[in-house]
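Just so we're clear, the structure is a prediction, and the values are computed from it rather than from any experiment. Order of the sequence lines sets the chain letters (A, B, ...), proteins ahead of strands, with each chain counted from 1.
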Protein chains: 2
Amino acid sequence: MRIGELAGRTGVSVRALRYYEEQGLLTSERSESGQRRYAANAVDRVRLIQQLYGAGISSASILEMLPCVLTGVAAPDVLAKLHGHRSSVVQQIEELQETLLQLDSVIAGATEAYATGKPCPPR
Amino acid sequence: MRIGELAGRTGVSVRALRYYEEQGLLTSERSESGQRRYAANAVDRVRLIQQLYGAGISSASILEMLPCVLTGVAAPDVLAKLHGHRSSVVQQIEELQETLLQLDSVIAGATEAYATGKPCPPR
DNA sequence: TAGAAACCTGACATTGACGTCAGAGGTAGC
DNA sequence: GCTACCTCTGACGTCAATGTCAGGTTTCTA
């Protein structure tokens, strides 16, 4: 498929796809005229990249772990980094869960205040 | 306390604290010579700001919701935005949890491959 | 076989949350 | 009062993941 279709299927912009290639995260065949052609599994690849980006992992780190993700083989140092990223994701989740509690208490307080017309006691 | 102490207590840089003030997120008294003086509760305020930043909430949105967080009162539109941010945080958590599963499966596969010396079947 | 739509490369622009530096003034311990 | 450190404002730099634009080629559709 061509780049526009891949963009449409993944919801990622054409510019971003070219950027991924620039970073070595995504490869493509080229037609005779030089246009990019992608295999069907490129869709999954792009989604994986997006997911890792979403976890705050940099393109350099993604590049490092991609072969491992694709082949299942990892050098010990890469494996160590994978563990590092894992802990960072766990920590992010924990922090977000705490933030969620905060937001909930704010929302609850504000909703009640709005219903009763009385401001809640300041924290 | 002065800005350096606040920075030390919160782990946030002096530059960032001035930036928060610039954005209206943090206020300070000024000494006669113009130096910032913070009340003790500024520590909590800074931590709250950091937490909201960590949830990917922009300074503009934080500015909007701060009075509500502090006083417990919220106009209906602000309340709606709070709900919006809440859902976004929930979604982030879900996505990160999925990423965690992916990472775990990669780590498990790579660990086994390293132990047995055999690459896992490509996905 | 037009003409529109998609694609190419290359380069500069953007965004947000700061880092960093310069030059000047404030503060605290000895 | 010296000295070392802290603070001030203002301004430019940074970084990563794109957006956007220009100027040209390719591909699809009527």
Here's a test of your reading of the structure: between Glu32(A) and Arg30(B), which maps to the more 5' nucleotide of DNA chain D? Arg30(B)
For the residue pair Ser87(A) and Gln91(A), establish whether any side-chain heavy-atom pair is separated by less than 4.5 Å. no
For side chain to side chain contact (heavy atoms under 4.5 Å, CB included), just list the numbers for Ser61(B) and His85(B), CA-CA rounded to whole Å, side-chain angles, deciding distance to a tenth of an Å, and then say yes or no. CA-CA 9 Å; Ser61(B) 296; His85(B) 286 304; 3.5 Å; yes
Before you tell me yes or no, could you show the steps for Gln35(B) and Arg30(B) under side-chain hydrogen bond (donor to acceptor under 3.5 Å, both in side chains), namely the whole-Å CA-CA distance, both residues' side-chain angles and the distance that decides it to 0.1 Å? CA-CA 5 Å; Gln35(B) 294 199 349; Arg30(B) 294 296 184 119; over 6 Å; no
On DNA chain C, does the nearest nucleotide to Tyr53(B) precede the nearest nucleotide to Ile3(A) from the 5' side, or the other way round? Give the residue. Ile3(A)
Between dT7(D) (C1') and Arg36(B) (CZ): distance, integer Å: 9 Å
Rounded to whole Å, how long is the line connecting atom CD of Glu5(B) with atom P of dA28(C)? 12 Å
dA17(C) phosphate, OP1 or OP2: any side-chain N/O from Ser59(B) under 4.0 angstrom? yes
Please report, rounded to the nearest Å, how far the C1' atom of dG16(C) is from the CG atom of Leu52(B). 16 Å
Interface residues of residues 12-24 of chain A with DNA chain D (non-hydrogen, below 4.0 angstrom): Ser13(A), Arg15(A), Ala16(A), Tyr19(A), Tyr20(A)
Should Arg36(A) and Glu5(A) count as an ion pair when the cut-off is N to O under 4.0 Å? no
With side chain to side chain contact (heavy atoms under 4.5 Å, CB included) as the criterion, how do Tyr38(B) and Glu21(B) come out once you've worked through the C-alpha distance, each side chain's angles and the decisive distance to 0.1 Å? CA-CA 11 Å; Tyr38(B) 296 96; Glu21(B) 182 168 322; 3.7 Å; yes
Can you tell me how far P of dA16(D) sits from CD1 of Ile57(A), to the nearest Å? 15 Å
Without decimals, in angstroms, what is the distance between Gln51(A) CD and dA17(D) C1'? 18 Å
Is there a side-chain contact between Leu25(B) and Tyr53(B) in this structure, where contact means two heavy atoms from C-beta onward sitting under 4.5 Å apart? yes
Take atom OH of Tyr38(B) and atom C1' of dC8(D), then tell me their distance rounded to the nearest Å. 12 Å
Tightest non-hydrogen contact, residues Leu79(A) and Ala110(B), listed as CD1-CB, 3.9 Å
Contact list please: residues 86-96 of chain B against DNA chain D, heavy atoms, distance less than 4.0 Å, in numerical order. none
With side chain to side chain contact (heavy atoms under 4.5 Å, CB included) as the criterion, how do Met1(A) and Val43(A) come out once you've worked through the C-alpha distance, each side chain's angles and the decisive distance to 0.1 Å? CA-CA 10 Å; Met1(A) 89 193 79; Val43(A) 174; 4.1 Å; yes
Hey, is Arg18(A) close enough to Glu22(A) for a salt bridge, meaning N to O under 4.0 Å? no
So, for Gly24(A) and Leu63(A), which heavy atoms are closest and what is the spacing to 0.1 Å? O-CD1, 3.3 Å
What pairs of nitrogen or oxygen atoms, one from the protein and one from nucleotides 24-26 of chain C, lie under 3.5 Å apart?
| from | atom 1 | to | atom 2 | distance (Å) |
| --- | --- | --- | --- | --- |
| dG26(C) | O3' | Ser33(B) | OG | 2.9 |

Tell me: CG of Leu6(B) to P of dT7(D), nearest whole Å? 10 Å
Give the C-alpha distance, both sets of side-chain angles, the deciding distance and a yes or no for side chain to side chain contact (heavy atoms under 4.5 Å, CB included) between Arg86(A) and Asp104(B). CA-CA 8 Å; Arg86(A) 200 205 112 97; Asp104(B) 278 341; 2.4 Å; yes
